[in-house]
Amino acid sequence: MTPWFVQKYSHGLDFPNLPYYIDGDVRITQSFAILQYIARKYNLYGDTIEEQATIDMVSQTVNDLRSAAWVTYNDPKFHQIKDEWKKTVPGRLGDLNKFLEGKTFVLGTKLSFVDFVVYEFMEWYRQCIPDVFEQPELANLNSFQLRITEIPQIKEYLNSDKFKSWPFFAPVVNFGFSKAS
Ligand SMILES: N[C@@H](CCC(=O)N[C@@H](CS)C(=O)NCC(=O)O)C(=O)O
């Protein structure tokens, strides 16, 4: 396989980076721009500006939570603080758990791309502490995550060779590269 830094400038990308996405004449980088492009193309970005505002609010809330989790994963003492950190998760994700009360997906019953943003973010926790969402205060998130894995196309993908569960992060992070960590 050609190393990324050798091929980086060969794809006609304006801002070469990983991940990149090429769809005909569309050549884009930036994870969120890619997500939004796919969501708009496949009608997964809500149907009204109110729904779109909800999607944007939840996705940006997840981004904030993700930044906080990222700091923890990069703490050199991560493995020592992991168990204590687990206890703080219900407090950190409490609003998100409450928001999902009585809903199948973020928009209620309608699937949108932000459901996958929430799912992927939850994997950051679950891959590190497998039973983290079994805490009673996180029951809505726990059932939400299971529901996403039960979507037939997602289930098929998760069970296929295309799905790579590991490594989760780059080697520099204290969790998610070496299986021992
Ligand atoms: N904001 C960018 C960050 C992209 C990024 O940091 N990519 C990392 C991998 S996660 C990388 O290795 N980029 C290759 C490069 O910098 O050439 C995004 O969301 O896509």
Side-chain angles (χ1 to χ4, degrees), residues 4 17-20 29-36 38-39 44 53-108 111-151 154-155 157-181:
W4 165 245
N17 212 330
L18 290 172
Y20 65 86
T29 49
Q30 290 300 333
S31 317
F32 222 74
I34 295 169
L35 266 178
Q36 288 175 309
I38 294 171
L44 287 167
T54 300
I55 289 170
D56 292 345
M57 174 181 67
V58 173
S59 68
Q60 285 172 44
T61 297
V62 167
N63 271 350
D64 291 347
L65 293 168
R66 196 196 297 273
S67 302
W70 186 244
V71 170
T72 306
Y73 287 141
N74 282 282
D75 188 323
K77 291 195 181 132
F78 175 68
H79 293 290
Q80 286 130 274
I81 63 172
K82 192 166 121 172
D83 289 340
E84 278 307 304
W85 178 70
K86 176 183 169 182
K87 294 180 197 158
T88 70
V89 176
R92 291 168 191 275
L93 304 192
D95 288 346
L96 195 54
N97 186 73
K98 187 166 159 235
F99 179 84
L100 288 170
E101 179 77 40
K103 296 186 173 94
T104 308
F105 300 118
V106 165
L107 289 183
L111 188 70
S112 66
F113 84 94
V114 76
D115 293 306
F116 303 111
V117 171
V118 174
Y119 174 87
E120 191 263 353
F121 166 67
M122 289 178 70
E123 279 296 284
W124 280 37
Y125 288 79
R126 207 181 57 79
Q127 289 283 342
C128 170
I129 306 173
D131 65 353
V132 65
F133 294 112
E134 286 162 31
Q135 304 179 80
E137 306 95 309
L138 298 174
N140 295 332
L141 278 166
N142 200 24
S143 55
F144 170 84
Q145 202 188 36
L146 283 173
R147 222 161 20 249
I148 297 291
T149 62
E150 289 301 320
I151 296 171
I154 299 295
K155 194 174 193 167
Y157 169 68
L158 291 175
N159 289 326
S160 75
D161 294 343
K162 284 188 197 158
F163 174 61
K164 305 227 179 312
S165 66
W166 206 266
F168 205 72
F169 290 134
V172 288
V173 188
N174 296 296
F175 151 76
F177 188 77
S178 159
K179 269 284 183 191
S181 63

Between the CD1 atom in Ile55 and the CG atom in Leu107, the distance rounded to the nearest 0.5 Å is 4.5 Å

Check: When you measure from the side chain of Glu101 to the backbone N and O of Lys98, does any donor-acceptor pair fall under 3.5 Å?
Finding: no

To the nearest 0.5 Å, atom CG of Leu96 lies from atom CG of Asn140 at 9.5 Å

Asn142 side-chain N/O to Leu138 backbone N/O, donor-acceptor pair under 3.5 Å: no

### Query
Is there a donor-acceptor pair under 3.5 Å between the side chain of Asn17 and the backbone N or O of Gln30?
no

Rounding to 0.5 Å, atoms CD (Glu120) and CD (Gln145) come to a distance of 10.5 Å

All heavy atoms of Leu158 vs all of Phe163, minimum pair found to be O-CD2, 3.4 Å

CD1 of Ile154 to CD1 of Ile148, rounded to nearest 0.5 Å, is 7.0 Å

For Phe99 and Met57 the tightest heavy-atom approach is CE1-CE, 4.4 Å

Other residues, nucleotides, ligands: >12 heavy atoms within 6.0 Å of Lys103 NZ: yes

Any heavy-atom pair between the side chains of Asp115 and Ile151 that's under 4.5 Å?
no

Note: Gln135 and Pro90 closest approach over all heavy atoms is OE1-CG, 3.5 Å

Report yes or no: does Asp64 contribute a side-chain atom to a donor-acceptor pair with the main-chain N or O of Thr61 at less than 3.5 Å? no

In short, Phe144 meets Val106 closest at the heavy-atom pair CE1-N, 4.5 Å

Indicate yes or no: at least one non-hydrogen side-chain atom of Val114 is less than 4.5 angstrom from one of Phe105. no

Minimal heavy-atom distance between Leu65 and Tyr125, with the atoms involved, is O-OH, 4.4 Å

Do the ring planes of Tyr73 and Phe169 sit parallel (below 30°), tilted (30 to 60°) or perpendicular (above 60°)? tilted

Considering only NZ, NE, NH1 and NH2 on the basic side and carboxylate oxygens on the acidic side, decide whether Arg126 and Glu123 come within less than 4.0 Å. yes

Rounding to 0.5 Å, atoms CH2 (Trp70) and OG1 (Thr72) come to a distance of 11.5 Å

Between Val117 and Val58, does a side-chain contact (heavy atoms from CB on, under 4.5 Å) hold up when you go through it step by step? CA-CA 9 Å; Val117 171; Val58 173; over 6 Å; no

>> Tell me whether the count of non-hydrogen atoms from other residues, nucleotides or ligands lying under 6.0 Å of CG in Asn74 goes above 12.
In response: yes

When you measure from the side chain of Asn97 to the backbone N and O of Glu137, does any donor-acceptor pair fall under 3.5 Å? yes

So CG of Leu93 and CE of Met122: to nearest 0.5 Å the spacing works out to 7.5 Å

Per side-chain hydrogen bond (donor to acceptor under 3.5 Å, both in side chains), Thr88 is matched among Lys86, Arg92, Glu84 by Arg92

Contacts of Tyr20 meeting ring pair (Phe, Tyr, Trp, His ring centres under 6.0 Å) (sequence neighbours excluded), chain-then-number -> Trp4, His11

For Phe121, is there any backbone N or O sitting under 3.5 Å from a side-chain donor or acceptor partner on Arg66? no

